[in-house]
Amino acid sequence: MTELLFNPFDPAFRANPYPFYDVLRERAPVYFSPFETVVLSRYDDIAVTLRSSDFSRDIEKHANAPTSPIANRRRERGGDDSGKSILNLDPPDHTRLRRLVSLAFTPSAIERLRPRVQQLVDDVLDVAAERGSMELIDELAFPMPFQVISDLLAMPTERSVELREWSQHLTASLEPTADDDDMDRAEAAIGHFLPYLNGIIEDRRRNLGDDLLSALIQVEESGDRMTTQELIAFVLLLYVAGHETTVNLIGNGALALLRNRDQLVMWRDNPALDNVVVDELLRYDGPVQLTVRVPIRPVNYGETTVQPGTVVMTVLGAANHDPAMFDEPHALQVDRPNAHRHLAFAAGVHYCLGVSLAKLETQVAIGSLIRRFPNLDLAGEPGWRDRLTIRGVDRLPLAL
Ligand code: HEM
């Protein structure tokens with residue numbers, strides 16, 4: 001039997017995938033795994049794949065007949081195109097929607113949020129300062145981005161506990177290790193989310209404001225508008241992205257700095273680094289470890305050909321630790337000159353829409369934390385969510 005080089009079912013792999021990625025990149029950079037996928041781990045192969053029009057992001061539509069019952073259920077859950085978010089659509093449908101949402105989701109609109117983000121962070125740090133300790137994830141890394149996305153969309157926050165749970169169930173179903181129970185929970189979460197969002201959107205149509213959701217409802221180009229279904233799918237994606245990614249970047253980033261104190265001090269004492277550090281945190285231990293594409297025509301990686309319909313896993317975390325791209329890739333270097341070349345936000349047409357927001361929130365949260373508390377330290381072992389697709393710290397006790 002061939003050696004198993006990519007095994008998300010191995011707890012040691014999920015706990016620290018980077019040494020496994022190194023072996024994979026060295027020994028089988030285009031790895032035909034027994035899980036019916038081809039796993040890519042080299043920076044160049046991944047960058048080319050993400051930018052290529054030879055691939056689709058619509059796995060349900062283009063992947064070969066799925067072999068596992070879970071893959072089958074995923075396919076069924078994909079349904080018809082009308083329920084898909086921009087993340088799962090290909091051009092030209094993707095192009096149309098991306099243009100519409102970009103009209104409302106501009107970098108200048110995000111930069112205007114800076115004072116609000118700073119205020120939310122300062123409020124949390126004031127309370128923690130009194131106590132002399134804090135649990136970073138529950139007190140800051142989760143509630144702040146959640147409040148910001150809720151503010152942006154003018155969403156009510158009183159059901160935040162349920163919303164967080166639904167989001168977690170949805171992302172759990174994206175894991176390569178998802179089982180029937182995960183799929184059941186994800187379906188139940190969708191069943192809650194859809195009527196909830198539908199109600200809010202219907203209400204907002206009658207009471208437009210100056211929020212992002214109102215802007216999305218009104219956005220129009222050449223007579224084109226978003227349908228209610230498109231709006232729901234997009235808001236759902238924003239919610240999940242808002243809940244499940246930035247929280248991990250703040251957690252993973254803070255932990256990386258605490259474990260590399262010379263780098264923490266270098267950033268703390270150099271405000272000029274404020275705009276570049278977050279790229280290195282994303283490169284070093286980004287929240288989204290992998291994503292998938294499926295070729296729609298035969299593609300070649302060197303001598304190896306991958307046939308249409310084969311699911312190709314682009315391991316972003318492996319690309320970001322490729323020594324062919326980054327010197328000493330396993331070292332955290334907050335002034336790394338080419339850190340911005342990381343692929344933590346993917347690349348090509350699906351390049352993350354939330355980049356400015358995620359960077360702003362992380363820079364303000366961690367920057368304020370390390371500057372306000374010079375003696376900041378870990379106050380216990382971090383806890384990890386046992387996940388790979390979206391991987392991160394879920395408990396980080398700090399002494400201030
Ligand atoms: C550190 C935080 C984040 C990371 C690491 C991240 C990562 C990613 C990645 C890797 C993709 C592309 C997936 C693929 O190509 O298959 C993506 C897409 C996307 N992200 Fe993010 N994301 C983050 C935060 C956010 C936030 C805060 C938002 C919005 C509030 C957001 C909204 C989106 C949207 C709408 C897409 C789909 C874009 C498209 O298909 O055109 N993300 N993100």
Side-chain angles (χ1 to χ4, degrees), residues 1-29 31-41 46 67-71 73-74 135-138 141-142 164-165 167-186 189 240 243-245 247-256 258-260 281-292 311 313-322 329-330 332 344 378 380-397:
M1 197 184 116
T2 51
E3 203 182 350
L4 194 51
L5 292 177
F6 181 89
N7 183 8
F9 292 93
D10 176 0
F13 184 102
R14 293 198 299 272
N16 180 9
Y18 297 102
F20 293 88
Y21 296 158
D22 288 345
V23 175
L24 192 61
R25 208 186 299 107
E26 279 281 305
R27 307 241 298 264
Y31 176 58
F32 286 76
S33 95
F35 304 110
E36 307 291 329
T37 52
V38 169
V39 183
L40 300 180
S41 47
I46 294 175
T67 44
S68 76
I70 293 303
R73 284 187 63 180
R74 268 207 199 104
E135 201 290 294
L136 186 72
I137 308 302
D138 278 350
F142 171 73
R164 183 180 189 182
E165 205 180 286
S167 297
Q168 289 191 343
H169 290 167
L170 282 181
T171 48
S173 73
L174 302 176
E175 291 295 314
T177 52
D179 60 17
D180 261 320
D181 287 345
D182 291 318
M183 297 307 288
D184 286 343
R185 280 192 287 266
V240 172
H243 277 71
E244 298 285 312
T245 53
V247 46
N248 293 325
L249 180 59
I250 295 173
N252 297 6
L255 179 63
L258 286 164
R259 285 181 168 164
N260 295 273
L281 300 177
L282 282 153
R283 185 202 69 80
Y284 182 77
D285 198 9
V288 181
Q289 287 290 310
L290 52 91
T291 181
V292 282
V311 174
M313 214 175 246
T314 49
V315 185
L316 308 176
N320 291 338
H321 283 240
D322 185 344
H330 303 315
L332 182 73
L378 288 173
E381 272 305 297
W384 286 84
R385 282 149 50 108
D386 190 16
R387 303 262 186 98
L388 188 61
T389 305
I390 299 188
R391 179 172 178 275
V393 174
D394 68 359
R395 194 171 45 82
L396 198 63

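Leu136 and Gly251 make their closest contact through CD2-CA, 4.3 Å (heavy atoms, listed as atom of the first residue, atom of the second, distance). Residue Val288 comes nearest to Ala344 through the heavy atom pair CB-O, 4.4 Å, listed as atom of the first residue, atom of the second, then distance. Contact record, His169 with Ala189: CB-CB, 4.1 Å, taken as the closest heavy-atom pair. The minimum heavy-atom distance linking Val393 with Pro382 is given by the pair CG1-CB, 4.3 Å. Counting all heavy atoms, side chain and backbone alike, Asn252 lies closest to Gly392 at OD1-CA, 3.2 Å. When all heavy atoms of Thr171 and Val240 are compared, the pair lying nearest together is CG2-CG1, 3.4 Å.
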Derivation and outcome, side chain to side chain contact (heavy atoms under 4.5 Å, CB included), residues Leu282 and Leu249: CA-CA 7 Å; Leu282 282 153; Leu249 180 59; 3.7 Å; yes
Asp179/Asp182 under side chain to side chain contact (heavy atoms under 4.5 Å, CB included): CA gap, chis, key distance, verdict: CA-CA 5 Å; Asp179 60 17; Asp182 291 318; 3.1 Å; yes
With side chain to side chain contact (heavy atoms under 4.5 Å, CB included) as the criterion, how do Leu388 and Phe13 come out once you've worked through the C-alpha distance, each side chain's angles and the decisive distance to 0.1 Å? CA-CA 9 Å; Leu388 188 61; Phe13 184 102; 3.5 Å; yes
Where do Phe6 and Leu290 land on the side chain to side chain contact (heavy atoms under 4.5 Å, CB included) test, with the steps shown first? CA-CA 12 Å; Phe6 181 89; Leu290 52 91; 4.0 Å; yes
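Distance check: Ser41 OG to Leu316 CG gives 12.0 Å after rounding to the nearest 0.5 Å. With values rounded to the nearest 0.5 angstrom, Trp384 atom CH2 is found 6.0 Å from Leu255 atom CG. Considering CD of Glu165 and CG of Leu170, their distance stands at 11.5 Å, rounded to 0.5 Å. To the nearest 0.5 Å, the span separating OH on Tyr31 from CG on Leu5 amounts to 4.5 Å. Separating the CG atom in Asp22 from the CZ atom in Arg27 is a distance of 12.0 Å, to the nearest 0.5 Å. Interatomic distance, CD1 of Ile250 versus CD1 of Ile137, reported as 8.0 Å (0.5 Å rounding).
Residues meeting the ring pair (Phe, Tyr, Trp, His ring centres under 6.0 Å) test with Tyr284, sequence neighbours left out: none. For Thr389, the side chain to side chain donor-acceptor pair (under 3.5 Å) test picks out no residue, with sequence neighbours left out. Looking at residues two or more places apart in sequence or on another chain, you find a side chain to side chain donor-acceptor pair (under 3.5 Å) between Ser33 and Thr37. In this structure Asp322 satisfies the salt bridge (Lys or Arg N to Asp or Glu O under 4.0 Å) test with no other residue, sequence neighbours excluded. Take Phe142 and apply the side chain to side chain contact (heavy atoms under 4.5 Å, CB included) test, not counting sequence neighbours, and it matches Phe146, Arg164, His243, Val247. Evaluation of the ring pair (Phe, Tyr, Trp, His ring centres under 6.0 Å) rule for Tyr18 yields Tyr21, His321 as partners, not counting sequence neighbours. Take Ala12 and apply the side chain to side chain contact (heavy atoms under 4.5 Å, CB included) test, not counting sequence neighbours, and it matches Asp10, Phe20. When the side chain to side chain donor-acceptor pair (under 3.5 Å) test is applied to Arg259, no partner is found at least two apart in sequence or on another chain. Checked against side chain to side chain contact (heavy atoms under 4.5 Å, CB included), Arg385 has the following partners two or more places apart in sequence or in another chain: Gln168, Glu244, Asn248, Arg387, Ile390, Asp394. Listed by chain and number, the residues in a salt bridge (Lys or Arg N to Asp or Glu O under 4.0 Å) with Arg395 amount to none (sequence neighbours excluded).
Without hydrogens or angle criteria, Arg391 side chain to Asp285 main chain gives no donor-acceptor distance under 3.5 Å.
Looking at heavy atoms from C-beta onward, Leu4 lies in side-chain contact with Pro34 at the 4.5 angstrom threshold. Leu40 is not listed as a side-chain neighbour of Met313, based on a closest heavy-atom distance of 4.5 Å or more.
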